[in-house]
Asks: 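Dropping a structure here in structure tokens format, bear with me for questions.
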Amino acid sequence: MPHSSPESLLQLLQCFLKHPNQIKQIHSRLFTNGHLLHNQHPKPSASKWMPTLLYNTLIRAHLGFGQPRKTLLLFIHMLAHQAPPNSHTFPPLIKAAAATSSSSSSPRLGSPLHTQVVKRGVLRDPFIQTSFVSFYAELGKLCDARKVFEEMSEPCVVACNAMIDGFGRNGDMGSAVLLFESMPERDVVSWTSVINGFGRNGCFSEGIRFFQIMMNHENVMGCFVKPNEATYVSVLSSCANLGGWGSIYWGKQIHGHVIRNGIELTAFLGTALVDLYGKTGCLNSAGYMYQQVVVKEVCTWNAMISALSLNGKEKEALDLFENMKMERLQPNEVTFVAVLTACARGKLVKFGLELFRSMTNDFGVEPIMEHYGCVVDLLGRAGLFWEATEVIKSMPFEPDASVLGALLGSCKIHGTAELGNEVGEKLLELQPQHCGRYVVLSNINAGKERWDLAAAVRKTMVDAGILKIPAYKLRYTLHKVIEFIILFLLLSLLVHRLLSFNNHGFAWLIAFLCELSFTLNWVITISNKWNIVEYKTYPDRLLQRVSKHELPPVDMFVTTADSKLEPPIITINTVLSLLAVDYPTNKLACYVSDDGCSPLTFYSLSEASKFAMLWVPFCKKYNVQVRAPFRYFSNNNATFSSNDSSEFKQEWTLLKDEYEQLSRKIEDAVGKSIPFDVSQDFAVFSNIERNNHPTIIKVLWENKEDVSDGPPHLIYISREKRPKHPHHSKAGAMNVLTRVSGLMTNAPFMLNVDCDMFVNNPNIMLHAMCTLLGSENETKNAFAQFPQIFYDGLKDDPFGNQMYVGHGIAGIQGPIYAGTGCVHRRKVIYGLSPTDTKTGERYPNIGSGNVEMLKTFGTSEEFTKSAGDALQGNTERVNMSSKSVKAAHRVGECEYEYGTNWGIKVGWRYGSTTEDILTGLSIHNKGWNSIFCTPDPPAFLGCAPTGGPDSMTQQKRWATGLLEILLSKNCPIFGTLFGNLQFRMFLGYFWVLSWGLRCIPELCYAALPAYSIITNTHFLPKGQEPTYYIPIALFVLYHIYTLSEYLQTGLSIRAWWNNQRMGRITVMSAWLFGFISVILKLLGISETAFEVTRKDQSTSSDEGSEDTEAGRFTFDKSPIFVPPTTILLVQLTALATAFLGLRPQDQDELGSGSLEVISSVWLVLCLWPFLKGLFGTGKYGIPLSTISKSMMGVHLSLSILSLKPRRLLSVGCPFANSTLFKLEHISDTSLTIPFCQVIVHEDSLKNGQKMKVGFGRDMGEQKENFSWSGAFGYVARKKRPIHAHHYKADKGLRNAPFMLNVDCDMYANNPKIILHSMCLLLGFKHQKKVHICSVCPNVT
């Protein structure tokens, strides 16, 4: 090469390089000519930066040819020759360092490069910062990457994309999405990085959903951003790995989009499609896409080989591998994984081993863990266990779970128990939380009938708290199929009843109406299960984004109403658990509302505040998980297993003694009328009545010094009550708490819990903030609802207290507000909607005596100002003062709400005993969403009703309040029509609000079996009908469906049965009385009342120590138990009638059948607690008064049935060897006449036969014989002087569809009079319009 100037050589480096050898030639020329040496005194014509520019170009050239090590070595030469690096030098160097990440030296290269960047003063260069973000993220140093990113003053789109990709690489998709949403500008790389991140972390459905959001985004719709090849490859990869029917469905949707938009089918896009169709079993489609790829890369061949091997085409896969070699393509690691998999599946041991040896010898591919796993699988499937173990021993590295798992699977196939146990033990050491390893190992031992070892493995699994993960996708699909089968059967039964109306009577109609109600309820039920969403929160990641001093303040509300039904010891445990949560104490304040104005409650809280000085620091010092003292001190073994230090045991003993002393003080105070000194803080309680007292507000503890480990503020509130003022129960108390807290602390978030719901997870606040903080959540999510779970519940939930609902509608607008365990935004409670992004648009001139705000929030200027701060998003903590406490007394008065919007548009809503549901409905009507937060362990635990009366009282209150909402102006249908409530969310609310209405069809349907048996009719299809098996299939499928749901959630069969029977009992009792209460309220006869449920404290230590009758149903004299008892007695009467043969004989085999008897038996089983109660004593027996009322109901029911008009023989008209009016189906042969006891016995009569008509003894013993043609009967009704006979009008006793009546002197002159009438009466149109056909006298 002739002598060249540095400029010409630089041009060659930049434009004309085609082979790495060219770089060497130019590099040598630059070196020999001295162009790479830094000249301290350059010529005027030469640039002093020329060596730097040349080195930068050489560095990029080596990196472009995939030589990162040479790139880094060149940088060392650059420093040695004193060529000063600049900002263009370091980005390719950082990429080269990242490219050598497989070596141990790569992490050590980051620090020297970072030091050089700082030394050269180019750290603030955005390209260098972005390169470092990518570098640290690839190394897994997410904290370092975040630090570099946060040091960027204004990060560009590229930097944000690099950070998003870093989050995705390290599994922090929550932060990735938050950063994505905060970006002011996004490009296609931004979207693709998030989609690819979801795919990397196994969140395939989220990646597909994000792609859908992308395609509907305004930038994409406006063609400002278009998906590129990487976007399609990422989302297709998610589709391929999704599994189930959704995989192929979404894959085809995206493939169709690619075709419609004319996207070029490149090698990588084609590979993604081949992989999709191969993994979903569409081998023909995979082969077609493989043929469509013009230029096939190695990855394309790999995808097709893998598709063939996965779908049982091992020979074709190996043939394709041979074709690949013939095309002179170099196989890589992925190729050999696919080929070895094909050999293992095809049991081609010899060929597979030869191929494994040739990897290194012929193709230069070093075996990795996956290759050894394939070889072990190959040998294990063939039963060559010794050879497989030798391969594992010869591995240059320790085997991982994939290799040992392949060997364990082979042991299961061949039943090799000894080796299986040995391998299984090693696997459990590597993956102690993998449920599949336990299951396989247990099955291996069970297959060899080693039941003790199998049981031991299962026990180890249970003791470790590991649950077997069900096949969710299969379960989901199977459940959907069963749901639609049940719906089809219900519709089929309804159609059958519609088509059979003319042949059946009253019972058929009632059954049709009930089943129509059941079908509607089933449609709503399955609709509520279609959007199951579970949110997983990461408090540790939240604290990485938000420091503790930046967390928003939270006001915590605890409500209690009756110190007798809600013992103070329960309330103080809830309060103590709240005071000790893991959250900055200067951000918390706890308000306790005592609606019973009980000095006992105040005394208990006052003593508890002293105990909190010791309890809260102890919990935070030792990271106590259960922070309710009564639960914590009840389990000594678990406590000391977590910490066995002497200091801890000493403090624990001291605290336990303090708590026991506190408990004794409260127990002693319960038995005294005034257990405290009324001259001090208790003086306000000296002369008050529960429902007639002023506002009482006491600050029990104020955290003035902001002690980090001390308790937060604790305030006692008892709002004013006067006899002539409405108090609105819990809703009124919550509104007073909201106003008082708004004046005293005014936190932007509010947590409300019932007095029995203690904190079970100390990080509850952080879990809630994970769902409520963030720019998108700020205008989307109104509240975070935690599930209501009970502690120390009776085994198998005998009273059906635990509700397993909430997840189904979480994907629509979120869960329904449950009234406890919920974190609200204060501004949402103040009536703000998502569209009110600027508060000034709704309340202009906040804080300046705004008339609208005064009308909305009341006349207190201090509170109006605090409300304005909350609406404007001011999250600064307000310090309590004597002035704010004085103003708080004013807003706690019962007259304060008059003329305001409290309870109407602001705060907790009035008008229902279920104020929680009504308040949540009003929030959803505005367009807000809610979040169902389910941390592990559960956030709160509460006590459940432990007896029949308490359970029924609670259910009655719920049914009453829910029906009040449904039948009022707050009905959710108005929110759908005129608000922002989604239609399917309306269905979810309707399903809950209609509880009280369901008692009508349930009761009617429950009465039908007994009715049919006693009257010998039927309401279910008979055995000879083709629809006979529809009710049977419905019954079986529905109960299999519900049972499978219980089993898959870890519940027992007994729990399922308890909830099934309690569902029937609740509907017939509590919901019925709730329905009656609402009807009486609508009629103005009475008002509904808020009934407090009794709460009893228990501890885990109590289990098994007493009360063997726990779980047995209890009763009292409440009329709520009369309807189920009556139904039970009616069913028993009907069964006795059937089994003793006392039923009337049927006519034409149309009497009651086996299905009616089975239905009656099933109802008796559902009412089994009441059957036991008939023979029980004490609280376990049904009171005699209840039984007497039920007997009266049974007698009344039987009396009504005895007065039922029987069907008499109809007058016939011979036509075509038959009668025009066929005999109606007669329920029995006893023909009863009103007001008489005359019985007419009839047989199956044919023309010309004689019929004997017998009259009762009151009419004498006269007997007459009649000759007749057709159907003919004689009736003489009984008359008595004391009865009204109604003359001629009382003679209509027929039940034929048509009746002809004539006087005794009107004979038939036209033999076809019946046919003439039918011409006018038959036909669909006439049946709907013509009711009476008069016959002219001259015709008759």
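Computed from a predicted model, the values in this text were never measured in an experiment. Position 1 is the first residue of the sequence, and the numbers go up from there.
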Asks: Quick one: list whatever passes ring-ring contact (aromatic ring centres under 6.0 Å, His included) with Phe974, sequence neighbours left out.
Replies: none
Asks: Are Val740 and Val891 side-chain neighbours, meaning at least one heavy-atom pair lies under 4.5 Å?
Replies: yes
Asks: Test of understanding: with ring-ring contact (aromatic ring centres under 6.0 Å, His included), list the residues that count as partners of Tyr910, not counting sequence neighbours.
Replies: His728
Asks: Going by salt bridge (charged side-chain N to carboxylate O under 4.0 Å, His left out), name the residues that satisfy it together with Asp172, two or more places apart in sequence or in a different chain.
Replies: Arg146, Arg541
Asks: Is it the case that the side chains of Ser833 and Trp928 hold a donor-acceptor pair, with the cut-off being a distance below 3.5 Å and no angle test?
Replies: no
Asks: For Asp754 and Lys730, what are the C-alpha separation, side-chain angles and deciding distance, and is it a salt bridge (charged side-chain N to carboxylate O under 4.0 Å, His left out)?
Replies: CA-CA 10 Å; Asp754 290 341; Lys730 183 180 176 181; 2.7 Å; yes
Asks: Report the residues that fulfil salt bridge (charged side-chain N to carboxylate O under 4.0 Å, His left out) with Lys548, sequence neighbours left out, ordered by chain and then residue number.
Replies: none
Asks: For Thr745 and Asp555, does a side-chain donor sit closer than 3.5 Å to a side-chain acceptor?
Replies: yes
Asks: Output a table of donor-acceptor pairs, distance under 3.5 Å, between side-chain atoms of residues 918-925 and any protein atom two or more places apart or on a different chain; print 'none' if there are none.
Replies:
from   : atom 1 : to     : atom 2 : distance (Å)
Thr919 : OG1    : Arg909 : N      : 3.0
Thr919 : OG1    : Glu915 : O      : 2.7
Ser922 : OG     : Thr919 : O      : 2.6
His924 : ND1    : Gly920 : O      : 3.3
His924 : ND1    : Tyr989 : OH     : 2.7
His924 : NE2    : Gln813 : O      : 3.2
His924 : NE2    : Ser930 : OG     : 3.1
Asn925 : ND2    : Leu921 : O      : 3.3

Asks: Distance alone, cut at 3.5 Å: any donor-acceptor contact between the side chains of His889 and Thr695?
Replies: no
Asks: Listed by chain and number, what are the side chain to side chain donor-acceptor pair (under 3.5 Å) partners of Asn761, not counting sequence neighbours?
Replies: none
Asks: Residues in ring-ring contact (aromatic ring centres under 6.0 Å, His included) with Phe758, at least two apart?
Replies: Phe630, Tyr791
Asks: So if I apply the side-chain contact (heavy atoms from CB on, under 4.5 Å) rule between Ile965 and each of Val992, Leu993, Thr913, Val1078, which one comes out positive?
Replies: Leu993
Asks: Is the closest side-chain donor-acceptor distance between Ser547 and Glu550 under 3.5 Å?
Replies: yes
Asks: List the residues meeting salt bridge (charged side-chain N to carboxylate O under 4.0 Å, His left out) with Asp916, not counting sequence neighbours, and say none if there are none.
Replies: none
Asks: Any chance the rings of Phe857 and Tyr830 have centres within less than 6.0 Å?
Replies: yes
Asks: Taking atom OH as the centre, does Tyr898 end up with more than 12 heavy-atom neighbours from other residues, nucleotides or ligands that are less than 6.0 angstrom away?
Replies: yes
Asks: Is the charged tip of Arg826 near the ring of Phe749: under 6.0 Å from the six-membered ring centre and within 45° of its axis?
Replies: no
Asks: Sequence neighbours left out, what pairs pass salt bridge (charged side-chain N to carboxylate O under 4.0 Å, His left out) with at least one residue falling in residues 740-753?
Replies: none
Asks: With sequence neighbours left out, write down each residue that passes salt bridge (charged side-chain N to carboxylate O under 4.0 Å, His left out) with Glu897, or none if nothing qualifies.
Replies: Arg739
Asks: Salt bridge (charged side-chain N to carboxylate O under 4.0 Å, His left out): which pairs involve residues 972-984, sequence neighbours left out?
Replies: none
Asks: Do the ring planes of Phe198 and Phe210 sit parallel (below 30°), tilted (30 to 60°) or perpendicular (above 60°)?
Replies: tilted
Asks: Mind checking ring-ring contact (aromatic ring centres under 6.0 Å, His included) for Tyr538 and listing every partner two or more places apart, or none if nothing turns up?
Replies: none
